[in-house]
A.B. asks: 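Just dropping this structure here.
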Amino acid sequence: MVAVTIDRYSHVECRKKEGAHYTPDFMSDFMSEQLMANHSLKNTINIVDPAIGDGELLVSLIHNLKNKGIKNICAYGFDTNEESITITQRRLESLFPDVKLHLEARDFLELCLKKEVNDPSVSYIPTFDLLIANPPYIRTQVLGADKSQELSDQFGLKGRLDIYQAFLIGMKSVLNESSVASVIVSNRFLTTKGTGEFREKMYAQYSLLGMWDFGDTRIFEAAVLPAVMTLKLRDNREDHYPIPFSSVYLSDDEITCDDIAENQVDALNYYGCVMTKNKAKMTVKHGHMVFDDKPKDLWRLQDEESEAWLNKVAENTWCTFRDVGKVRVGVKTTADNVFIKEKWQDELGYEPELLKPLTTHHVGGRFRSNGKELKSILYTHHMVNGKKAAIPLDSYPLSTKYLESHREQLEGRNYVIKAKRAWYEIWVPQNPALWDEPKVVFRDITEQPMFWMDTGSVINGDCYWMIRDKSKLPDDILWLVLAVANSTFIETFYDIKFQNKLYSNKRRFITQYVEKFPLPNPENATSLQLIELSKACANEHEMDKRLLIEQEIDTLVWEIFQAPKI
């Protein structure tokens with residue numbers, strides 16, 4: 001057994017590069033228990049791990065099946081890494097000499113495609129009673145756009161995808177009507193706009209028997225935010241059905257935890273604040289999975305408390321941020337080293353004529369920027385007859401001189417040339433006519449919301465922004481937007497509605513979330529007071545006084561939505 005243990009980890013670094021993350025024993029046992037609780041076990045059973053790695057999941061499942069008295073177990077495993085197959089074969093043979101093993105070094109996704117069309121070359125592989133998996137996480141950036149697009153086409157998904165999504169869609173072909181599967185996935189798919197197609201496909205293809213989001217609790221060494229799903233093939237007679245959903249997230253609340261758990265799975269036996277033996281404080285919630293209108297909308301956990309809270313907020317919501325104005329991302333040059341600098345004069349000895357002040361996340365603040373000096377961008381667009389267009393360089397000799405010195409790099413952006421754009425253009429310039437409008441700007445990733453007012457600068461792609469698009473709305477409504485956006489109320493709303501915290505308690509303030517933020521009636525007396533306080537906060541230079549105003553704003557925002565603090 002010693003030799004097996006040593007071999008088991010001899011190529012871990014290699015597997016990490018392939019997107020493999022090894023599963024802790026307590027998680028493997030949890031998944032095995034979910035499988036057995038949802039399947040009518042029989043004496044002869046076929047089980048499979050489609051991304052077998054070190055075999056930990058199969059070890060757990062076989063061990064638990066044997067404890068249930070199951071004698072005839074046929075275990076299948078697949079992995080593209082031959083060394084993993086060799087190591088795991090020896091390990092399983094040593095631990096379970098009476099189990100029939102069939103391990104192959106092959107691509108499980110290729111197998112799924114062949115099973116889908118009844119290819120005779122894979123007819124020897126049965127459908128499986130139980131499937132347990134921790135599929136690899138390989139994002140588009142690593143997988144490559146071409147391979148990602150190929151997988152999207154093969155498995156009926158739109159756009160680019162992480163490879164684990166192809167695993168979940170493809171595994172349908174090796175399941176039967178009584179099969180049960182338990183898989184570890186990235187919890188990003190629950191709440192990101194780009195995975196809406198994947199959510200819709202999953203909901204149509206499977207009945208979800210349970211979901212557990214382990215969020216930022218660091219089950220794996222890598223920065224993977226994991227969730228576990230147990231599922232079966234969907235019965236066409238089913239429409240809407242309750243889906244049990246639990247979550248476990250790290251907590252920074254200053255409350256006492258009476259319950260102590262061995263690990264994240266053990267914490268599921270409790271509700272509320274739980275402390276682990278290594279003193280990590282976690283918040284555990286239990287409820288059911290909901291989405292707003294369609295399965296492609298964000299999936300979130302809702303319990304009785306959160307449902308009542310959101311209903312109370314809805315009663316006092318006049319409109320959403322989306323009704324005030326479109327939430328836009330900033331400009332993307334695709335050549336920042338050319339277009340963006342801090343000190344143009346110091347670096348070049350001159351300043352090109354087309355420079356404009358640039359707001360980046362570095363100057364982010366609450367209600368007002370933090371006062372740091374803005375960078376500048378060589379901005380190559382203007383408006384012509386109501387449409388944005390590249391500025392002709394004829395009248396700008398210094399800008400021409402500078403851009404020509406970087407022509408090789410700029411022309412190397414093949415996508416610009418293929419789009420029949422001028423070689424010196426910023427790739428995503430946004431609407432030049434809007435830069436002088438008053439606008440709310442906000443940072444993407446931050447622990448505390450950071451929204452501030454700006455006029456006159458270009459907004460960089462590391463920030464988002466919005467203006468008042470509807471002329472019928474009050475002129476000052478953006479100041480009300482700032483009051484709500486910078487409140488602790490909106491932090492609570494975000495956590496209940498979107499449930500997408502990153503590590504270190506950070507949140508992502510992106511279009512798909514911010515556009516759904518609620519806004520009270522701007523003509524309400526409290527709203528008018530909030531508008532004046534927001535202006536006062538933005539104009540106040542002394543930090544102590546500004547913090548006092550922020551506290552007053554925060555209290556009023558909670559009052560106007562009449563929602564209890566939770």
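For reference, positions follow the sequence shown, starting with 1. Every heavy atom of this structure was used, including side-chain atoms; hydrogens, water molecules and symmetry mates were not.
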A.B. asks: Quick one, W427 with Y415, criterion ring pair (Phe, Tyr, Trp, His ring centres under 6.0 Å). Give me CA distance, side-chain angles, the key distance, then yes/no.
C.D. replies: CA-CA 9 Å; W427 177 238; Y415 46 88; 5.0 Å; yes
A.B. asks: Looking at T192, is its backbone amide N or carbonyl O close enough to the side chain of R508 to form a donor-acceptor pair, meaning the two atoms are under 3.5 Å apart?
C.D. replies: no
A.B. asks: Carefully, step by step, assess T492 and K565 under the rule side-chain contact (heavy atoms from CB on, under 4.5 Å).
C.D. replies: CA-CA 8 Å; T492 301; K565 290 189 177 183; over 6 Å; no
A.B. asks: Can you check whether E491 reaches P449 side chain to side chain, under 4.5 Å on heavy atoms?
C.D. replies: yes
A.B. asks: Do the rings of F509 and Y494 sit parallel, tilted or perpendicular, given the 30° and 60° boundaries?
C.D. replies: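 Tilted, since the angle between the ring planes falls between 30° and 60°.
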A.B. asks: Flag the pair L301 / D213 as yes when at least one side-chain heavy-atom distance between them is below 4.5 Å, and no otherwise.
C.D. replies: no
A.B. asks: Is there a side-chain contact (heavy atoms from CB on, under 4.5 Å) between I467 and E437? Walk through the geometry before answering.
C.D. replies: CA-CA 7 Å; I467 65 167; E437 295 283 332; 4.1 Å; yes
A.B. asks: So, do I184 and M229 sit near enough that their side-chain heavy atoms are less than 4.5 Å apart?
C.D. replies: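 Result no, sub-4.5 Å side-chain heavy-atom pair not found.
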A.B. asks: Find out whether K281 and T276 are in side-chain contact, i.e. whether some heavy atom of one side chain is under 4.5 Å from a heavy atom of the other.
C.D. replies: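 Result no, sub-4.5 Å side-chain heavy-atom pair not found.
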A.B. asks: Checking F198 now: which residues fulfil ring-ring contact (aromatic ring centres under 6.0 Å, His included) with it, not counting sequence neighbours?
C.D. replies: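 Result, ring-ring contact (aromatic ring centres under 6.0 Å, His included) vs F198: F189.
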A.B. asks: Only pairs at least two apart or in different chains count here, so list each ring pair (Phe, Tyr, Trp, His ring centres under 6.0 Å) that has a residue in residues 312-349.
C.D. replies: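 Counting only pairs at least two positions apart or across chains, the ring pair (Phe, Tyr, Trp, His ring centres under 6.0 Å) contacts touching residues 312-349 are F321-F517, W344-Y402.
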A.B. asks: For T195 and T191, indicate whether the former's side chain and the latter's backbone hold a donor-acceptor pair under 3.5 Å.
C.D. replies: no
A.B. asks: Is there a side-chain contact (heavy atoms from CB on, under 4.5 Å) between W299 and R199? Walk through the geometry before answering.
C.D. replies: CA-CA 8 Å; W299 291 4; R199 286 192 293 272; 3.6 Å; yes
A.B. asks: Counting C-beta onward and ignoring hydrogens, is there a side-chain heavy-atom pair between T320 and P518 closer than 4.5 Å?
C.D. replies: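 Answer no - side chains too far apart.
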A.B. asks: Please work out which of the three classes, parallel, tilted or perpendicular, describes the rings of F442 and Y464, given edges at 30° and 60°.
C.D. replies: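 If you compare the ring of Y464 with that of F442, the planes turn out parallel.
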A.B. asks: Any salt bridge between K294 and E200, counting N to O under 4.0 Å?
C.D. replies: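 Looking at K294 and E200, the cut-off is not met.
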A.B. asks: Closer than 4.0 angstrom, basic N to acidic O: yes or no for D454 and K439?
C.D. replies: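 Counted as a salt bridge, because a side-chain N and a carboxylate O are separated by less than 4.0 Å.
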A.B. asks: Please determine, by modelled atom types, if N486 and Q448 share a side-chain donor-acceptor pair under 3.5 angstrom.
C.D. replies: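 Per modelled atom types, N486 and Q448 side chains form no pair under 3.5 Å.
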A.B. asks: For I553 and C537, work out which heavy atoms get closest and say how close.
C.D. replies: CD1-CB, 4.4 Å
A.B. asks: With a 4.5 Å heavy-atom cut-off, do L556 and L533 have their side chains touching?
C.D. replies: yes
A.B. asks: Can you tell me how far the CG atom of L298 sits from the CE atom of M289, to the nearest 0.5 Å?
C.D. replies: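 Reported value, rounded in 0.5 Å steps: 11.5 Å.
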A.B. asks: Got a sec, which pairs hit disulfide bond (SG atoms under 2.5 Å apart) with one end in residues 270-304, sequence neighbours left out?
C.D. replies: C257-C273
A.B. asks: Set out, in order, the CA-CA distance, both residues' side-chain angles and the distance that settles ring pair (Phe, Tyr, Trp, His ring centres under 6.0 Å) for F291 and Y203, then state yes or no.
C.D. replies: CA-CA 11 Å; F291 47 79; Y203 193 81; 5.4 Å; yes
A.B. asks: Rounded to the nearest 0.5 Å, how far apart are CG of L354 and NE2 of H382?
C.D. replies: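 Spacing of CG (L354) from NE2 (H382) equals 10.0 Å.
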A.B. asks: State plainly whether the residues R322 and E515 are in salt-bridge range, i.e. N to O under 4.0 Å.
C.D. replies: yes
A.B. asks: Please list every donor-acceptor pair under 3.5 Å in which a side-chain atom of residues 345-353 meets a protein atom from a residue at least two apart or in another chain.
C.D. replies:
| residue | atom | partner | partner atom | Å |
| --- | --- | --- | --- | --- |
| Q345 | NE2 | G349 | O | 2.9 |
| E347 | OE2 | K341 | NZ | 2.9 |
| E353 | OE1 | L398 | N | 3.4 |
| E353 | OE1 | S399 | N | 2.8 |
| E353 | OE1 | S399 | OG | 2.8 |
| E353 | OE2 | L398 | N | 2.9 |

A.B. asks: Kindly indicate, with the supporting measurements, whether the criterion salt bridge (Lys or Arg N to Asp or Glu O under 4.0 Å) is fulfilled by R507 and E447.
C.D. replies: CA-CA 6 Å; R507 302 173 178 88; E447 181 175 348; over 6 Å; no
A.B. asks: Let me confirm one number: the CD1-OG1 distance from I426 to T380, rounded to the nearest 0.5 Å.
C.D. replies: 4.0 Å
A.B. asks: If I compare all heavy atoms of V313 with all of A563, which pair ends up nearest, and what's the gap?
C.D. replies: CG2-CB, 3.9 Å
A.B. asks: May I have the step-by-step check of side chain to side chain donor-acceptor pair (under 3.5 Å) for Y270 and D258, ending in yes or no?
C.D. replies: CA-CA 10 Å; Y270 305 96; D258 295 325; over 6 Å; no
A.B. asks: Do any pairs count as a salt bridge (Lys or Arg N to Asp or Glu O under 4.0 Å) and have a residue in residues 372-399, sequence neighbours left out, and if so which ones?
C.D. replies: K343-E373
A.B. asks: Taking the six-membered ring where the residue is Trp, are the ring centres of W558 and F489 under 6.0 Å apart?
C.D. replies: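 Here the rings of F489 and W558 have centres that are less than 6.0 Å from each other.
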A.B. asks: Contact between F451 and R366 at the side-chain level, heavy atoms closer than 4.5 Å - yes or no?
C.D. replies: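 A side-chain contact is absent here, since even the closest heavy-atom pair is not under 4.5 Å.
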A.B. asks: Please state whether the rings of W309 and F493 are parallel, tilted or perpendicular, taking 30° and 60° as the class boundaries.
C.D. replies: tilted
A.B. asks: Please tabulate, for the side chains in residues 355-365, all donor-acceptor contacts under 3.5 angstrom to protein atoms that are two or more places apart in sequence or on a different chain.
C.D. replies:
| residue | atom | partner | partner atom | Å |
| --- | --- | --- | --- | --- |
| T359 | OG1 | S457 | OG | 2.7 |
| T360 | OG1 | H362 | N | 3.3 |
| T360 | OG1 | H362 | ND1 | 2.9 |
| H361 | ND1 | D462 | OD2 | 2.6 |

A.B. asks: Would a 4.5 Å heavy-atom cut-off, applied to side chains only, mark P24 and M27 as touching?
C.D. replies: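 Yes, side chains in contact.
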A.B. asks: For P429, does its backbone N or O pair with a side-chain atom of Y379 as donor and acceptor, under 3.5 Å?
C.D. replies: yes
A.B. asks: Hey, is the main chain of C319 close enough, under 3.5 Å, to the side chain of D323 for a donor-acceptor pair?
C.D. replies: no
A.B. asks: Got a second to check how far I531's CD1 is from T526's OG1, nearest 0.5 Å?
C.D. replies: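 I531 atom CD1 to T526 atom OG1 measures 11.0 Å (nearest 0.5 Å).
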A.B. asks: Can you see which heavy atom on L478 is nearest to which on V440, and at what distance?
C.D. replies: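 Minimum heavy-atom contact is O-CG2, 3.8 Å.
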A.B. asks: May I ask you to decide if K497's main-chain N or O and Y513's side chain share a donor-acceptor pair within less than 3.5 Å?
C.D. replies: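 Side chain of Y513 to backbone of K497: no pair is present.
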A.B. asks: Test your reading of the model: is there a side-chain donor-acceptor pair from D259 to the backbone of V274, 3.5 Å cut-off?
C.D. replies: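 Not a single qualifying donor-acceptor pair exists.
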A.B. asks: When you measure from the centre of the six-membered ring of W423, is the NZ or CZ of R407 under 6.0 Å away and within 45° of the axis?
C.D. replies: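 Ring-cation test returns yes.
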A.B. asks: Set out, in order, the CA-CA distance, both residues' side-chain angles and the distance that settles side-chain contact (heavy atoms from CB on, under 4.5 Å) for L393 and L403, then state yes or no.
C.D. replies: CA-CA 10 Å; L393 296 179; L403 290 169; 4.0 Å; yes
A.B. asks: Give, for atom CZ of R368 and atom CG of N539, the distance between the pair rounded to the nearest 0.5 Å.
C.D. replies: 7.5 Å
A.B. asks: Tell me whether R328 contacts the main-chain N or O of Q430 through its side chain, where contact means a donor paired with an acceptor under 3.5 Å.
C.D. replies: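 Not a single qualifying donor-acceptor pair exists.
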A.B. asks: Using a 3.5 Å distance criterion without hydrogens, assess whether the side chain of Q302 forms a donor-acceptor pair with backbone atoms of E307.
C.D. replies: no
A.B. asks: Do the side chain of D554 and the main chain of E550 share a donor and acceptor less than 3.5 angstrom apart?
C.D. replies: no
A.B. asks: Would W465 and W435 count as a close aromatic pair, with their ring centres under 6.0 Å?
C.D. replies: yes
A.B. asks: Just how far is it from atom OG of S306 to atom CG of D495, taken to the nearest 0.5 Å?
C.D. replies: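 S306 OG to D495 CG: 11.5 Å, rounded to 0.5 Å.
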A.B. asks: Does N524 reach the main-chain N or O of P520 with its side chain, forming a donor-acceptor pair under 3.5 Å?
C.D. replies: no
